[in-house]
Amino acid sequence: MSTNDQDLMQKIVSLCKRRGFVFQSSDIYGGLRSAYDYGPLGAELKRNLMSLWWRDMVHRREDVVGLDASIIMHPKVWHASGHLAGFSDPLVDCLVCKERFRADKAMETHATAEGDVLTLNLGDKGRAKTAEALIAERFGVQLERRGKDLVGAAANDRGYACPNCNSPWLSEERQFNLMFKSSVGAVDPMGAVAAAIEGGELDGLTGRDLRAKIDALTAESAVYLRPETAQAMFVQFANIQQSMAMKVPFGIAQMGKSFRNEITVEHFIFRSVEFEQMEMEFFCEPGTDDEWMDFWSNARIEWWQRYANDPERFRLRAHTPDELAHYAKGCFDVEYLYPWGWGELEGIANRTDYDLQKHAKHSGAKLEYFDPQQQKKYTPYVIEPAAGATRGVLVYLCDAYHEETVEGAKGPETRVVLKFHPKLAPIKVAVMPLVKKNGMPEKARALMERFFEKGINAKYDEQHAIGRRYRRHDEIGTPWCLTIDGQTLEDDTITIRDRDTMAQRRIGIDDAVAEIEALLRKD
RNA sequence: GCAGGAGUAACUCAGUUGGUAGAGUGUCAGCUUCCCAAGCUGAAGGUCGCGGGUUCGAGUCCCGUCUCCUGCUCCA
């Protein structure tokens with residue numbers, strides 16, 4: 001990331017806090033890793049974004065219906081979907097270079113047989129020297145140092161060495177379950193574990209056997225927070241198809257929180273353990289899936305671009321075969337050029353009939369569709385556009401942030417403007433008296449009432465000089481400012497100021513609400 | 001998880017060899033002000049990330065820890 005881009009990101013983070021968009025979770029307690037709170041303006045922005053998605057994906061389409069499913073689902077759902085297996089790969093730490101890696105992958109790339117003579121490579125001489133001392137002290141083995149290599153280590157019976165430095169000194173394999181595990185019921189399952197320990201049931205058990213025994217003790221109450229919203233749409237496929245008499249092709253859409261214990265988090269709200277998704281599962285006849293994949297890929301990138309200032313910063317990228325998830329036939333990412341580079345915003349995946357088949361098999365339910373016209377029965381294929389709502393917030397913050405040099409009272413100065421699309425803007429219009437006297441505040445408050453009646457998020461503002469108020473609203477992205485001035489008292493006209501051009505024109509005070517409504521209607 | 005950097009007021013940052021915690025911006029109140037961060041007066045606001053230690057005395061030195069940033073690694 002260049003210095004400028006790093007600056008940009010810092011400015012956005014700083015503005016988010018200063019103006020009430022995004023705060024660090026539990027800030028006064030020192031913050032909680034990777035958790036963020038959306039402040040008054042951030043909450044509006046996120047809601048606006050998600051409402052737009054719902055309007056365009058559900059309300060404006062005959063063939064898509066909505067769902068709002070429980071975050072906690074039956075554990076069998078996650079066994080069937082493969083998440084419980086896939087989310088818990090055994091990981092190993094190298095005790096020499098501290099690298100953490102997947103045991104099964106190391107088995108493929110750095111397989112060893114017991115007694116093999118290994119050469120460790122630490123990358124540079126200094127590290128080799130440190131490692132030599134560490135190995136001698138901690139493991140009692142003196143290796144021969146040749147430059148950055150250490151020669152003479154013996155492979156153990158583990159079957160693999162560290163993929164980074166080739167060391168055989170490794171931690172035990174540990175499960176890092178990426179699903180958030182919890183338990184239902186008021187009785188803490190740890191009680192059963194404690195009782196088993198006291199009763200000697202765990203005596204003599206180690207490693208995997210011990211884990212399996214503890215899992216069995218807690219299994220009855222174990223539940224998981226969903227790592228994606230998708231599974232509920234598959235599980236409720238038959239209920240929704242029948243209750244709504246949907247004909248394939250059709251889609252089920254859902255927005256909501258998901259949780260993943262990712263190993264690392266990065267880039268502000270870009271990747272966090274708790275995040276919000278906007279997902280749609282589109283069920284279609286096998287054989288038509290490629291067409292629908294094309295359709296949705298294009299529809300989705302166009303949707304993101306429609307509300308952006310700079311459509312050039314969005315692109316569609318096809319996954320290479322080695323990137324594809326095990327269930328997917330194909331996948332396109334809608335990517336955005338974030339300040340740190342291109343990154344994912346939404347993935348459009350062809351999940352085939354993988355999920356419906358899996359759930360049919362595990363549950364015994366029939367998850368098929370009978371096409372009355374063709375008189376044939378089949379398991380639909382699924383095209384899934386899955387977007388990150390919280391990522392969308394970040395994308396539009398980055399897209400909206402502009403700095404301009406304008407002529408101020410004290411010479412050239414920087415104007416910070418968030419150029420949000422009016423539909424996304426947290427506050428739609430500011431209503432302000434030019435000065436706090438001569439009945440102007442009363443006129444302004446009367447106008448505010450009319451916006452309240454229409455449900456348009458308007459804000460009354462009389463603090464400080466008028467120029468400062470305009471700048472403050474520029475900085476939070478308010479598209480229009482309405483100002484009551486001396487002339488208003490004479491002829492009932494007010495000025496409307498445009499955020500982006502700073503241009504003003506006069507309109508009748510009685511036309512103000514209709515004017516703003518008309519401006520907001522535009523896509 | 002690894003490596004490096006950082007944490008002092010709401011924000012951006014000063015703070016000397018260890019000796020009473022500072023500025024600018026912002027916020028609030030009042031005055032002034034008829035259009036783009038104007039001016040004047042006054043005020044509030046700080047567990048110096050947190051916890052230990054050394055010291056007569058720690059924002060400053062030492063140890064631990066948390067959080068953020070950057071690069072790797074990871075991301076069924």
Side-chain angles (χ1 to χ4, degrees), chain A residues 1-3 5-7 9-11 13-20 23-36 39 78 81-89 91-94 96-102 105 123 127 163-165 171 174 176-179 227-228 260-268 270-271 273 323-328 339-341 343-344 347 404 406-411 413-416 432-438 440 463-475 481 483-489 494-495 497 499 501-504 506:
Chain A
M1 202 195 292
S2 77
T3 315
D5 293 334
Q6 202 174 321
D7 279 357
M9 206 51 212
Q10 277 165 6
K11 282 174 180 167
V13 172
S14 162
L15 188 151
C16 278
K17 182 172 186 190
R18 187 159 37 88
R19 291 301 189 198
F23 307 118
Q24 171 100 57
S25 166
S26 316
D27 200 13
I28 62 168
Y29 288 101
L32 180 65
R33 188 170 129 271
S34 160
Y36 293 93
W78 309 116
S81 69
H83 282 91
L84 274 178
F87 264 114
S88 54
D89 300 307
L91 298 181
V92 175
D93 290 327
C94 173
V96 177
C97 73
K98 311 297 182 196
E99 181 85 358
R100 172 175 291 179
F101 56 90
R102 269 176 65 170
K105 286 198 175 166
R127 290 213 182 102
N164 184 50
C165 73
S171 75
R174 287 178 295 179
F176 283 80
N177 197 326
L178 297 185
M179 299 249 303
E228 60 176 21
R260 295 185 196 182
N261 264 323
E262 301 281 4
I263 294 174
T264 54
V265 294
E266 59 185 351
H267 299 312
F268 193 39
F270 178 75
R271 172 172 295 142
V273 293
E323 282 180 280
L324 284 177
H326 60 276
Y327 52 73
W340 63 85
E344 190 193 358
E404 296 171 355
V406 294
E407 205 54 40
K410 291 183 281 187
E413 56 193 29
T414 304
R415 180 175 88 115
V416 175
M432 42 183 80
L434 186 60
V435 291
K436 245 191 292 183
K437 60 181 186 186
N438 300 339
M440 290 181 203
Q463 287 157 316
H464 300 295
I466 189 74
R468 204 186 287 197
R469 281 179 267 167
Y470 286 151
R471 292 297 170 79
R472 191 164 49 205
H473 280 285
D474 288 342
E475 207 181 24
C481 293
T483 306
I484 281 77
D485 58 13
Q487 199 179 327
T488 312
L489 306 174
I494 59 175
T495 63
R497 172 191 182 270
R499 175 194 67 201
T501 63
M502 298 198 289
Q504 284 176 281
R506 293 201 81 86

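Just so it is clear: chains get the letters A, B, ... in the order the sequence lines come, proteins before strands, and each one is counted from 1.
Here the separation of B:U25 from B:G71, taken at their P atoms, is 34 Å to the nearest Å. Comparing the P positions of B:U12 and B:G26 gives an interatomic distance of 15 Å, to the nearest angstrom. Here the separation of B:G49 from B:C68, taken at their C1' atoms, is 11 Å to the nearest Å. Going from the C1' atom of B:C63 to that of B:G24 covers 36 Å, rounded to whole Å. Annotation: B:C50 and B:G42 have their P atoms spaced 33 Å apart (nearest Å). To the nearest whole angstrom, the two C1' atoms, one in B:A29 and one in B:A21, are 26 Å apart. Using P as the reference atom, B:G46 and B:A9 are 10 Å apart when rounded to the nearest Å. B:U60 and B:C48 have their P atoms separated by 9 Å, given to the nearest Å.
For A:H267, the listed nucleotide lying nearest its side chain is B:U70; candidates were B:U70, B:G30, B:A37. The side chain of A:R471 sits closest to B:A37 out of B:A37, B:C11, B:U33. Distance from the side chain of A:M502 is smallest to B:C36 among B:C36, B:C11, B:G71. Between B:C35, B:U70, B:C69, one nucleotide has an atom nearer to the side chain of A:T495 than all others, and that is B:C35. For A:R271, the side-chain atoms get nearest to B:C74 when compared with the rest of B:C74, B:G71, B:A37. Checked against B:C34, B:C36, B:U27, the side chain of A:H464 finds its nearest nucleotide in B:U27. Among the nucleotides B:U12, B:A38, B:C69, the one closest to any side-chain atom of A:A465 is B:A38.
To the nearest 0.5 angstrom, A:I494 atom CD1 is 11.5 Å from A:M432 atom CE. One finds the CG atom of A:D27 at 4.5 Å from the NZ atom of A:K17 (value rounded to the nearest 0.5 Å). Note that the CD atom of A:E413 and the CD atom of A:E407 stand 8.0 Å from one another [nearest 0.5 Å]. Annotation: the span from A:D7 atom CG to A:S14 atom OG amounts to 11.5 Å, rounded to 0.5 Å.
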task = Would you sketch RNA chain B in dot-bracket for me? Only Watson-Crick or G-U wobble pairs with both distances under 3.5 Å count, crossing pairs as [ ], other-strand pairs as |, the rest as dots.
result = (((((((..((((.....[..)))).(((((.......))))).....(((((..]....))))))))))))....
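Residue A:G30 is classed as a sugar-phosphate contact, given heavy-atom separations below 4.0 Å to backbone atoms only. Contact annotation for A:K437: backbone-only contact, meaning every heavy-atom pair under 4.0 Å involves sugar-phosphate atoms and none involves a base. Nucleic acid contact class of A:R415 (heavy atoms, under 4.0 Å, all strands): none. Among the atoms of the strands shown, none is found under 4.0 Å from any heavy atom of A:Y29. Using a 4.0 Å heavy-atom criterion, one finds that A:L489 contacts no nucleic acid atom at all. Among the protein residues, A:D474 comes within range of no part of the nucleic acid, since none of its heavy atoms lies under 4.0 Å from any strand. In this structure, A:S26 reaches neither bases nor backbone, as no heavy-atom distance under 4.0 Å exists between it and the strands shown. Here A:S14 lies in heavy-atom contact (under 4.0 Å) with sugar-phosphate atoms only. Among the atoms of the strands shown, none is found under 4.0 Å from any heavy atom of A:S81.
Between the side chain of A:R271 and the main chain of A:E266, no donor-acceptor pair closer than 3.5 Å is present. Listed for the A:R19 side chain is no donor-acceptor partner under 3.5 Å among the backbone atoms of A:R472. No donor-acceptor pair under 3.5 Å is formed between the side chain of A:N438 and the backbone N or O of A:M440. No donor-acceptor distance shorter than 3.5 angstrom exists from the side chain of A:S25 to the backbone of A:L32, with no hydrogens or angles considered. Using modelled atom types, no side-chain atom of A:R415 and backbone atom of A:R471 make a donor-acceptor pair closer than 3.5 Å.
Atoms CE (A:M440) and C1' (B:C35) sit 11 Å apart, rounded to a whole Å. At whole-Å resolution of the value, CD in A:Q24 and C1' in B:G7 are 12 Å apart. In this structure, the CZ atom of A:F23 is 16 Å from the P atom of B:C68, given to the nearest Å. For the pair A:K17 NZ and B:U67 P, the computed distance is 16 Å after rounding to whole Å. The nearest whole Å value for the distance from the NE2 atom in A:H83 to the P atom in B:A76 is 9 Å. Rounded to a whole Å, the CZ atom of A:R19 is 10 Å from the C1' atom of B:A37. Here the P atom of nucleotide B:C74 and the CD atom of A:E266 are 12 Å apart, to the nearest Å. Residue A:I466 contributes atom CD1, which lies 8 Å from atom C1' of B:C36 at whole-angstrom precision.
No side-chain heavy atom of A:H473 sits less than 4.5 Å from a side-chain heavy atom of A:R499.
With hydrogens and angles left out, the side chain of A:D485 and the base of B:C34 share no donor-acceptor pair within 3.5 Å. Judged by distance alone with a 3.5 Å cut-off, no donor-acceptor contact links the side chain of A:R33 to the base of B:C66. Side-chain atoms of A:E228 come within donor-acceptor range of the base of B:A76, with a qualifying N/O pair under 3.5 Å. For A:Y470 and B:C35, a side-chain-to-base donor-acceptor distance below 3.5 Å is present, hydrogens and geometry of angles not being considered. You won't find any donor-acceptor pair under 3.5 Å spanning the side chain of A:R469 and the base of B:C36, going by distance alone.
Where A:Q463 and A:R468 each meet RNA chain B at their nearest nucleotide, the meeting point lying more 5' is that of A:Q463.
A perpendicular orientation is assigned to the rings of A:H83 and A:W78, their planes being inclined by more than 60° (bins at 30° and 60°).
Between A:R472 and B:G26, a side-chain N or O to OP1/OP2 separation shorter than 4.0 Å is absent.
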